[in-house]
Structures are given as structure tokens and as C-alpha cells.
Amino acid sequence: MQLHTSSTGTKYSAKFRRNGLLILTFAAGLIGTLGSLSAEQFTEVTDTAFATNPATPTFGNPIWGDINNDGHIDLILPTFKASCPSYCTACIVYRNNGDGTFTDITATSGIVSPVPGELQWRGFSLGDYDGDGNLDLYVSVMPLPKNVKKYDLLFKGNGDGTFSYVSPSAGIASSTNWGQCSFWFDYNNDGLLDLFVKNFNPALAPEGMSNTTQPPLLGKTSPIISRLYINSGNGTFRSSRRAAGLVGITEFDGEKGHSTNGSFQDVDLDGDLDFAFSHDSNALVTNEARGFTQQPETVIPRNNAWDTKSISWGDYNNDGFPDLFVTSGSAVVKEHKTFLYHNNNGIFNANDEVAQNAGVFTGGNTWGAVWGDYDNDGNLDLFVAVPAGVGVPIGTNNANLLFHNLGPDGNGNYNFEEVALDAGVQLRDNMESSAHKGATWVDYDNDGFLDLVVKDGTGINTDTSATGKIHLFKNVIPHTALNRYLEVNLQARTESPHSNTRGIGARVKVEYGDGKMAFRQNDGGGGGMFASQSSQPLHFGVGNATTATVTVSWPSGVCDQFSNVATNQAITFIEGSSPCP
């Protein structure tokens, strides 16, 4: 770690990574492959990285975060549910050893049910809620039997790869709610991470799954099914049952859309976080002066027929506004499609759905989708996990999709080319046990190029497709070694006003080269949210630029700008250390 000084005299921390592979690749004849996207971009290294790779169920994307503060990002693999005689652990915790391998530390991690009996562990979310520098973990839980009260699981991180269960003492409520997912965010911009928990509404459950302890729907009225926990700042939370209408909006005005997935983004860059929800229906909810407002179908259609799944925010056209990609998939044979909604200067319109025109449309059965600039050319690419093809059973034509962003054409329109087969991540084997569901981008080996993890298994089924293995793909950089990167970590200051410790919700703009720009909002990383939330650096490709200007708009309202930042490094920016001009 070296200490560097910006043009304003401000000091910030940076770690330079000039991997020997870059030099060797060039020396070996890089010129012959630079212009070719047909060269294999990824190599699967699962067998060498993991000593064991059991087939497990899946609920949401795998999550990454440095849980032992050693500088190497670790992996937690949600496995939905474990059949256990006493105390359940429905995940696998892998410590990153820093040498390309991982060690299973589940048994010593402390991530275990505090009471005997089975629970369905669903969404996993990492975040530092108490500001001690250690990542904490929240697990949304569905009780078994379904009418028995339970606690969702809040595990306080100890900073050494272990966790301590704190749900009751932290103020997490006991309930019979059918937990689905959660996400950490600063709801009131007070510098403390709050927590939104999305629960399934049992009154809207398919026949045979209803929880008899919940009242039925009466017209367009249904029970409060979600919960917002406000951080009190002393290690505890207080539950806000309505919170400006946020907890009730995902009921879709009585429609049969229970919405199991949620994600946030500041779509209009006004400093307040907005939300999207998906499942049987999807919806956009904007944060306005009088509270949260669900937008009508003229803004984002609800698409009830499509079983929408992953929510992936990404500024694919580099205009500084986050666009929205949504997948749709089901365990049964039906019609599906993908959606890409273009954000036009903070405004969405149902008629501005551009998946077909941009080249990211598929009628396949799609689940996890994640944005990431895997070739560091400055344009966000898109990986989509596919457990089945068009109108066929799970496991048939299960070819993943990798959409390479070609950048703007002569008219300024951005287009994509599908390259999964050539890149080596398609994984098509037409096997039911290879139902590709979850995915995350991650630079697990700290070389500055994004790698990819894919998890098979569709989760709640009972057939062969319910379980699957993990796939880890290393980015081997055959044709992009001249492209450079920045990996950005954010650290809040202690004096007021200040943001939450890791700057969740901050907007980061990187300007480089001849008028080029890339934009990200810090939502935890991984490229998209599918019932889970990682905690990763923000990754930017910057082409061949050697320096960049980085502007950080913090949740507190503080703005920092760092000039002449050297690229090809991991860097931590500290809030308030270089005020914007």
C-alpha cells in the first residue's frame, strides 16, 4: 500500500497492481490477438480453486466481500436450505487464500441457525451496519413449519472471518413472514446503514402454499408484508412498519405480484435512492419529497406474465444515468423475454425499452444478470445466466449469454454482440443438473480484470434442476492487456456530515481520455441484484488511459473530486478529502 497525493494536496491510499501476466502476454505476441474477440477470454478454474464443489440448491446470486480484512475478497454461497437434524447452515463460506485457491471455513464461520430445526435461508446481504470496518451479514428466512415464528438472521462480523448472531439484541423482529431478500442502504442519509427486508405475501401464494396464519386479501387491501429497519446508531434497529409507504408498495395495488427481489439506484441523480422490484410483476418506485411513489405502467410495465427475476442497473451508454435490465424465467415451460429500459436523463418511459434494438434481447429462460466491463474498454458488458432456452424444459439449450458492448456507432447508439461461446462461458450441456441461475462479476485474484462466478440450481424445485455446482471463470486477458482499470473503494469520514462507512449509495464518475466517462452507483458490487447484495470495490475500465479524474457524490451531500489519478490500481477515496471545485 502506497500513499499518494492528489493535485489538491489530498492524500489517499492506493495499491498498484501491475500483474506480470500483462507483460508476459504482450511479449508472447499480443499484437496477433488484440483485434480479435474470438480468442477465449475466460478459463474455468473451479477444480483448482475449490477442493470440493458439492451440488446445492440456489437462492440468488453468490455474494463476495472481504470478511477477514486481509485484502482478498471472500465468497459466501447461499444454498437456500439445508436438511439438518439440529442447527442449520444453508450456505458455504469460502476464504480467499490469495493464491487462486479457496478454503471452506463454513464450520468455523459462526453462520449457523441459533435454534434447532429447519429454516429456508433465502436472500443474503453484506454490509457494515455498525461502522466498525467489518462486514456484517443479513439472511432473510422463511419459517418451517410456515406458521411458526422465527427471526431473520443478522450476523455481526468480527473481522476475522467469523460472525456472531445478534438478531434479538439488535432489534430484528420475530415474525412468521416469508423472508425473500434484503438490501442495506442509507434510507435517511444520516450516515448509518438501514435495512429494507422484502417478504413474500402469503395471501398471494400459489394454491397449496398459503400460510393460514395470514388473512386473505380483501379487495385491494393486503397485510403489511415488508419491513424497514432504521439504524439507531448504537448497534440496534427500530422497525418502521410503513416508512413513507415503502413497505406496502410492492403489493402492486392488489395484483398477484409478490415481488421477491429488490434493488436500489438513484435514477434521477437527485441524491435520494429509488427502487425497483421484480418477480411475478416488476415496478419502479421513486423517492420523492412526500415519500415513495410507485410509477405507473407508462413508465415501467409490470409484465405480470413474464416472471421477472434479476434486476441489473448499469449505465451501458455512458451518459451518467443508470439504465435497467430485467430478466424473466420460470421453473416451468412458458414464454419469457428480457427487457432493457433506457434512462433518458432521469426519466423512464415504457416505450423506451431497447433490448431488441441494442442486441440484448432473448426469449430464453433467464435468471441472474450482471453488468461488468470485463475487457476494461470503458463500456459495460452484460452476462446473463440461462437455465433453459426458448419454450423448453429447464436444462435444455442452457447456453449462457455474454453480451459484449461494442460502444457507440456513428449515430451514438450503443450495440452489443453475443460472445459467450467464444469467450468460454456459455456452459451449454443440455443437462437438467446444469440449470444456470446465479452470477457475479468479481476480481477475485486482484489483477484488475473482472472474473466471473456462475451458480447452477434453480432453488425451490424438487427435480434434478433444483441443485447445481459453482463455476469460477478466470479472466485470462488474451486481447485486452493494453486496457487499464481503476478499482475504487470508498471510506466515509467521521465528522458530520458523513456517509455510511463504505459509501453505499455514493455516485462515482470517472473521466478519462478524450472526453470519455464511466458512471457507477455504489450498491455493493457484483453487477446486479438477484436476491442478494455483495460488498465489492467499484470496477472501472478506462481503455489505455494512464490517468483519470474521479468525482464522488456521497450520500451525505459531500462532493469530492480527485484529479490526475493514476490508473491500473486499487484506490480508496476518503470522504471530504478533496472538495469539488
Side-chain angles (χ1 to χ4, degrees), residues 44-65 67 74-96 101-113 117-126 137 139-142 144 153 155 163 179-181 260-261 309-310 329 331 367-368 370 385-388 394-395 398 400 427 429 431-440 442 444 452-473 526 530-534:
E44 184 167 2
V45 295
T46 313
D47 291 344
T48 56
F50 301 98
T52 60
N53 185 15
T56 65
T58 305
F59 193 88
N61 289 337
I63 61 172
W64 293 83
I67 62 174
D74 309 296
L75 171 64
I76 300 179
L77 193 66
T79 58
F80 179 61
K81 176 178 176 291
S83 178
C84 53
S86 56
Y87 295 88
C88 283
T89 298
C91 67
I92 303 176
V93 185
Y94 291 107
R95 183 187 66 221
N96 188 336
T101 67
F102 294 80
T103 298
D104 184 346
I105 61 169
T106 311
T108 59
S109 68
I111 304 176
V112 60
S113 175
E118 294 190 69
L119 294 171
Q120 287 188 358
W121 294 29
R122 297 205 166 198
F124 283 51
S125 300
L126 284 172
L137 175 67
V139 181
S140 301
V141 169
M142 183 170 173
L144 291 175
L153 307 177
F155 296 100
F163 294 81
Q180 299 297 304
C181 74
T260 58
N261 300 307
K309 291 289 185 281
S310 184
W367 294 60
V370 284
V386 179
I394 293 290
N398 58 338
N400 293 322
L427 285 177
D429 61 11
M431 295 178 62
E432 190 179 17
S433 59
S434 300
H436 315 309
K437 179 179 181 180
T440 318
V442 61
Y444 80 94
L452 179 70
V453 62
V454 179
K455 177 63 174 66
D456 295 344
T458 54
I460 64 175
N461 300 337
T462 57
D463 57 17
T464 308
S465 70
T467 61
K469 297 186 176 183
I470 192 174
H471 303 271
L472 179 62
F473 294 96
F530 179 33
S532 60
Q533 183 181 21
S534 290

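Side chains are part of it too, since the values below use all heavy atoms of this structure and drop only hydrogens, waters and symmetry mates.
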Legend entry - Nearest non-hydrogen partners of T101 and T48, listed with the distance: CG2-O, 3.6 Å
Legend entry - pair I111-W121: side-chain heavy atoms closer than 4.5 Å: yes
Inset, instruction - Nearest 0.5 Å please: distance from the CE atom of M431 over to the OG1 atom of T464. - result: 9.0 Å
Inset, instruction - Name all residues meeting the side-chain hydrogen bond (donor to acceptor under 3.5 Å, both in side chains) criterion together with D456; count only those two or more places apart in sequence or in a different chain, and write none if there are none. - result: H436, H471
Legend entry - L452 CG to T440 OG1 distance, which is reported to the nearest 0.5 Å: 8.0 Å
Inset, instruction - Can you see which heavy atom on P62 is nearest to which on S532, and at what distance? - result: O-OG, 4.5 Å
Legend entry - From L137 atom CG to I63 atom CD1, the distance as rounded to the nearest 0.5 Å: 5.5 Å
Legend entry - Polar side-chain atom of D74 near backbone of N96 as donor-acceptor pair, under 3.5 Å: yes
Legend entry - Any side-chain heavy-atom pair of F50 and L75 under 4.5 Å: yes
Legend entry - Exercise: identify the closest heavy-atom pair between F102 and L472: CE1-CD2, 3.9 Å
Legend entry - Smallest separation among heavy atoms of P57 and F80, with atom names: CB-CB, 3.8 Å
Inset, instruction - May I ask you to decide if V386's main-chain N or O and N398's side chain share a donor-acceptor pair within less than 3.5 Å? - result: no
Legend entry - Under 3.5 Å donor-acceptor, T467 side chain and T56 backbone: no
Inset, instruction - Would you name the heavy atoms of N61 and G368 that are closest together and state the gap between them? - result: OD1-CA, 4.1 Å
Legend entry - Check: N53/D47 side-chain N/O donor and acceptor closer than 3.5 Å: no
Inset, instruction - Measure from the side-chain N and O atoms of S113 to the backbone N and O of Y87, and report whether any donor-acceptor pair falls under 3.5 Å. - result: no
Inset, instruction - Keeping the roles fixed (side chain from S534, backbone from W64), state whether a donor-acceptor pair exists under 3.5 Å. - result: yes
Legend entry - Point-to-point distance, once rounded to the nearest 0.5 Å, from CZ of F124 to SG of C181: 13.0 Å
Legend entry - Heavy-atom closest contact (W367 atom, G329 atom, distance): NE1-CA, 3.9 Å
Inset, instruction - Verify the distance criterion only: is there a donor paired with an acceptor across the side chains of S434 and D429 at less than 3.5 Å? - result: yes
Inset, instruction - Look up atom OG1 in T458 and atom NZ in K437, then write down how far apart they are to the nearest 0.5 Å. - result: 6.5 Å
Legend entry - Nearest-0.5 Å distance, OG1 of residue T58 to NZ of residue K455: 2.5 Å
Legend entry - Any side-chain heavy-atom pair of I92 and P54 under 4.5 Å: yes
